[in-house]
Amino acid sequence: MKRQALFWRVALLALPLSVFGCFVVWPLLDSFYYSFTDWNGFDPRYRFVGADNFVKVATDRLFTNATLNTVIWMVLALLLPTLGGLGLALLLDSQVRGANVFKSVFYLPICLSAVVVGQIWVWIYQPDWGLLNTVIGTVTGEPATFAWLARPQSALYSVIVAWSWQQMGLSMVIFLAGLTAIPSDLLEAAAIEGATRWQRTRYVVLPLLRPATVVVVALSVINSLKGFDILYIMTGGGPFHSSDTLAMHMYNESFKKYKMGYGSAISVILFLLTLIIVFIYFRQLRKLDELHG
Amino acid sequence: MADAAAAGARNAERPFNPWPAAVFVCLAVLAVLFLAPTLGVLLSSLKSTREIALGELWALPGGVYLDNFREVLDHPSVRTYFINTFLVTVPATVGSIGLGVLAGYVFSKLPFRGSELLFLVVVSGMFFPPQILLIPLFRIFNGLGLLDTLWPMIIVHVAMGIPICTLLMRNFFATVPNALREAAIVEGANEWQVLTRVALPISLPALAVLATLQFTWIWNDFLWPLIFTQSDDKRTIMLGIVSLKGQYSVAWGVQGALSLVASLPTLIVFLFFQRFFIKGMTMGALKG
């Protein structure tokens with residue numbers, strides 16, 4: 001009986017674990033290995049250069065710039081969709097007419113690819129005939145020609161807005177799921193006690209939304225770390241590296257300049273950064289679990 | 001419910017409650033703002049290049065002009081891109097779900113010492129940005145001589161899909177009563193028969209969720225084809241859109257039509273499986 005159970009565990013896990021091991025875990029370890037070499041991507045001969053790549057990273061101004069942009073990207077790509085999604089969910093939860101239609105409208109962008117979303121927003125930001133400048137021009141009465149994606153001071157933020165537009169539906173859906181889990185007698189009791197709509201939201205709904213918030217935050221952080229495609233499409237990290245993120249910088253160094261050893265070092269740093277965030281997240285989650293028993 | 005009841009109670013006190021109307025107007029304005037970008041592309045795809053050049057891209061079209069769609073659908077490369085994308089998306093979707101089913105079943109029904117930790121390791125794969133694996137995977141597939149074929153994309157999507165598929169299937173199998181499995185075992189079934197004849201038939205909702213999620217993600221992917229393909233006849237549709245941009249640099253209508261056609265499969269999947277899709281996004285997460 002026991003031997004049989006062992007057989008089935010091995011038999012059923014063999015394929016998924018070997019695929020996962022070969023194409024996720026092993027490559028990850030490989031990254032660490034190559035981060036200590038000067039491999040150029042094609043030449044089978046490469047040298048070990050010790051910690052050279054990491055020393056170079058520390059003095060690479062483009063790396064510092066990319067790290068800063070990654071932090072800005074992560075913070076805003078977390079705050080905007082989360083707050084926006086919460087707002088939409090609260091509005092939708094009040095049994096408004098046509099709620100299902102609204103839900104679909106807000107959720108639709110999630111189905112579009114980064115390429116399509118990127119293209120749509122490139123058109124919106126287009127300086128001469130883009131929707132944004134057209135609207136600004138109509139409102140102010142003066143023709144607007146600001147090149148949103150071609151100016152260093154606005155490129156990154158313009159992409160973040162496009163990103164938030166796409167991601168907001170996701171947070172909304174999770175918050176809505178959290179809202180339906182709130183027992184309605186609690187709200188009725190609060191209403192009978194004379195709590196205003198605002199007080200009910202602030203002191204009953206929001207605290208009970210904490211589990212949903214944890215999920216939204218986790219998903220947003222994960223997704224925002226993956227937000228490479230849309231940047232590649234919309235700005236390519238430019239102009240003048242003003243919208244470079246770590247993933248973008250790594251891609252450029254590895255696949256444009258063929259400095260794969262150096263690129264691996266950036267990958268390793270990105271991995272460690274993610275590890276720290278995941279660790280913090282799981283710790284917060286455990287704290288929350290203990291809090292709620 | 002609560003709000004409706006509360007609103008009812010207040011309606012008795014006050015003659016007019018402006019709240020629902022205000023919420024509706026607010027949502028309607030937001031919906032228009034949300035739809036505007038997508039609608040703009042739809043409108044532009046129905047206009048001729050001359051019409052776009054003369055007037056504004058964002059105005060209503062004079063009539064329905066379908067040449068952009070004809071141009072896109074007749075383009076031989078676009079057809080190749082579509083076939084390639086199906087050839088990658090379908091096997092990768094099936095493969096990742098299949099492996100997730102196997103692993104999810106063991107983790108929920110046949111736990112062993114250390115299986116929790118193993119499960120965590122697998123699921124944590126979900127958290128890391130795929131860009132970390134660009135270089136090593138490029139190296140592996142270069143070594144295998146598989147660069148510039150569809151294989152790397154299929155394999156990588158299967159491997160990267162394992163975490164989410166395992167997580168969702170484990171959570172779903174956990175809701176299948178153990179008594180069901182034990183009854184089948186007592187009657188002489190082995191684990192494989194329990195999985196395929198007992199657990200899977202009642203997991204159709206979870207499978208539908210995963211199928212829609214995986215299909216959408218893999219179809220929409222841009223990163224892996226960018227790294228793994230070079231020749232035009234190996235490109236998938238999302239990379240294809242970007243590479244055709246040069247050819248249609250001023251033909252905005254064609255570009256719009258191309259984007260719409262490329263999004264059609266995922267939009268159809270979304271419309272059909274809407275409820276599943278949204279549930280899937282929350283299921284794994286909220287129960288996890």
Side-chain angles (χ1 to χ4, degrees), chain A residues 5 8-9 12-13 15-16 19-20 23-24 27-28 30-31 34 91 94-97 102 104-108 111-116 119-121 123-124 129 131 134 170 173-174 177 184 187-188 191 215 219 222 225-226 228-229 233 247 250-251 254-255 260 263-264 267 270-271 274 278, chain B residues 1-6 9 20 23-24 26-27 31 34-35 37-38 40-41 56-58 99 102-103 105-106 110 112 122 124-125 127-137 140 155-156 158-159 162 191 216 220 222-223 238 241-242 255 259 262-263 266-267 270 274 278 281-282 285-286:
Chain A
W8 283 109
R9 277 175 199 133
L12 296 175
L13 278 181
L15 202 53
V19 171
F20 187 74
F23 297 101
V24 179
L28 193 63
D30 216 26
S31 249
Y34 279 94
L91 285 176
S94 55
Q95 306 292 312
V96 73
R97 208 181 274 210
F102 285 128
S104 298
V105 167
F106 297 131
Y107 196 74
L108 184 82
C111 305
L112 301 177
S113 73
V115 171
V116 171
Q119 189 191 356
I120 292 175
W121 284 84
W123 286 13
I124 290 177
W129 44 258
L131 182 62
T134 309
L170 187 59
V173 163
I174 297 168
S184 52
L187 290 169
E188 275 160 40
V215 174
L219 274 180
I222 295 165
L225 278 166
K226 293 178 177 173
F228 165 86
D229 305 17
I233 301 292
M250 192 274 290
Y251 174 82
S254 318
F255 291 92
M260 296 243 179
S264 295
S267 288
L270 186 58
F271 171 76
T274 319
V278 171
Chain B
M1 283 288 272
D3 276 329
V23 170
F24 183 85
C26 196
L27 280 169
F34 249 77
L35 273 180
T38 324
V41 175
E56 287 149 35
L57 188 75
W58 307 94
L99 297 185
L102 296 180
Y105 182 78
V106 176
L110 299 168
F112 50 94
V122 171
S124 68
F127 292 90
F128 294 97
Q131 292 84 17
I132 296 171
L133 302 179
L134 285 186
I135 298 170
L137 284 174
I140 289 175
I155 296 169
V156 166
V158 169
I162 289 176
E191 296 295 345
T216 308
N220 284 341
F222 171 74
L223 179 71
M238 290 309 156
I241 293 182
V242 177
Q255 279 195 28
S259 286
S263 308
T266 50
L267 289 180
F270 168 66
Q274 208 187 126
I278 290 176
M281 280 304 199
T282 50
L286 283 183

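So that the names make sense, note that chain A is the first sequence line, chain B the second, and so on, each numbered from 1. No experiment lies behind these values; they were computed from the predicted model shown.
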If one checks every heavy atom of B:Ser259 against chain A at 4.5 Å, the contacting part turns out to be both

Correct closest heavy-atom pair for B:Ser263 and A:Val116 would be OG-CG2, 3.5 Å

**B:Phe24-A:Phe102 aromatic ring centre distance below 6.0 Å** = yes

Comparing B:Thr38, B:Val122, B:Val158 against chain A, the one with the most heavy-atom pairs below 4.5 Å turns out to be B:Val122

Looking only at heavy atoms, the pair that brings B:Gly125 and A:Phe20 closest together is CA-CZ, 4.3 Å

Fill in: Intermediate values then yes/no, side-chain contact (heavy atoms from CB on, under 4.5 Å), A:Leu28 and B:Phe128
CA-CA 10 Å; A:Leu28 193 63; B:Phe128 294 97; 6.0 Å; no

Taking every heavy atom of A:Ser267 against every heavy atom of B:Ile132, the minimum-distance pair comes out as OG-O, 3.7 Å

So, the part of B:Leu223 with a heavy atom under 4.5 Å from chain A: the answer is both

Which of B:Thr216, B:Leu267, B:Asn220, B:Val41 passes side chain to side chain contact (heavy atoms under 4.5 Å, CB included) with A:Leu112? Answer is B:Leu267

Would you sort out whether A:Leu12 and B:Tyr105 count as a side-chain contact (heavy atoms from CB on, under 4.5 Å), showing the intermediate values?
CA-CA 8 Å; A:Leu12 296 175; B:Tyr105 182 78; 3.7 Å; yes

Cut-off 4.5 Å, heavy atoms of chain A, and the answer for B:Leu27 is both

When the 4.5 angstrom heavy-atom criterion is applied to A:Phe271 and chain B, the contacting part is both

To the nearest 0.5 Å, atom CD of B:Gln255 lies from atom CD1 of A:Ile120 at 12.0 Å

In terms of heavy-atom contacts, A:Met250 and B:Leu134 come closest through CE-CD1, 3.9 Å

The interface call for A:Met260 against chain B, heavy-atom contacts under 4.5 Å, is both

For A:Ser264 and B:Ile135 the tightest heavy-atom approach is N-CD1, 3.5 Å

Contacts of A:Asp30 meeting salt bridge (Lys or Arg N to Asp or Glu O under 4.0 Å) (sequence neighbours excluded), chain-then-number -> B:Arg139

All heavy atoms of A:Thr274 vs all of B:Phe127, minimum pair found to be CG2-O, 3.7 Å

Per-residue tally against chain A (heavy atom, under 4.5 Å) across B:Cys26, B:Ala103, B:Pro129, B:Ser124 peaks at B:Pro129

When the 4.5 angstrom heavy-atom criterion is applied to A:Phe255 and chain B, the contacting part is side chain

Hits for side chain to side chain contact (heavy atoms under 4.5 Å, CB included) against B:Ala159, two or more places apart or cross-chain, chain-then-number order -> A:Val19, A:Phe23, A:Val24

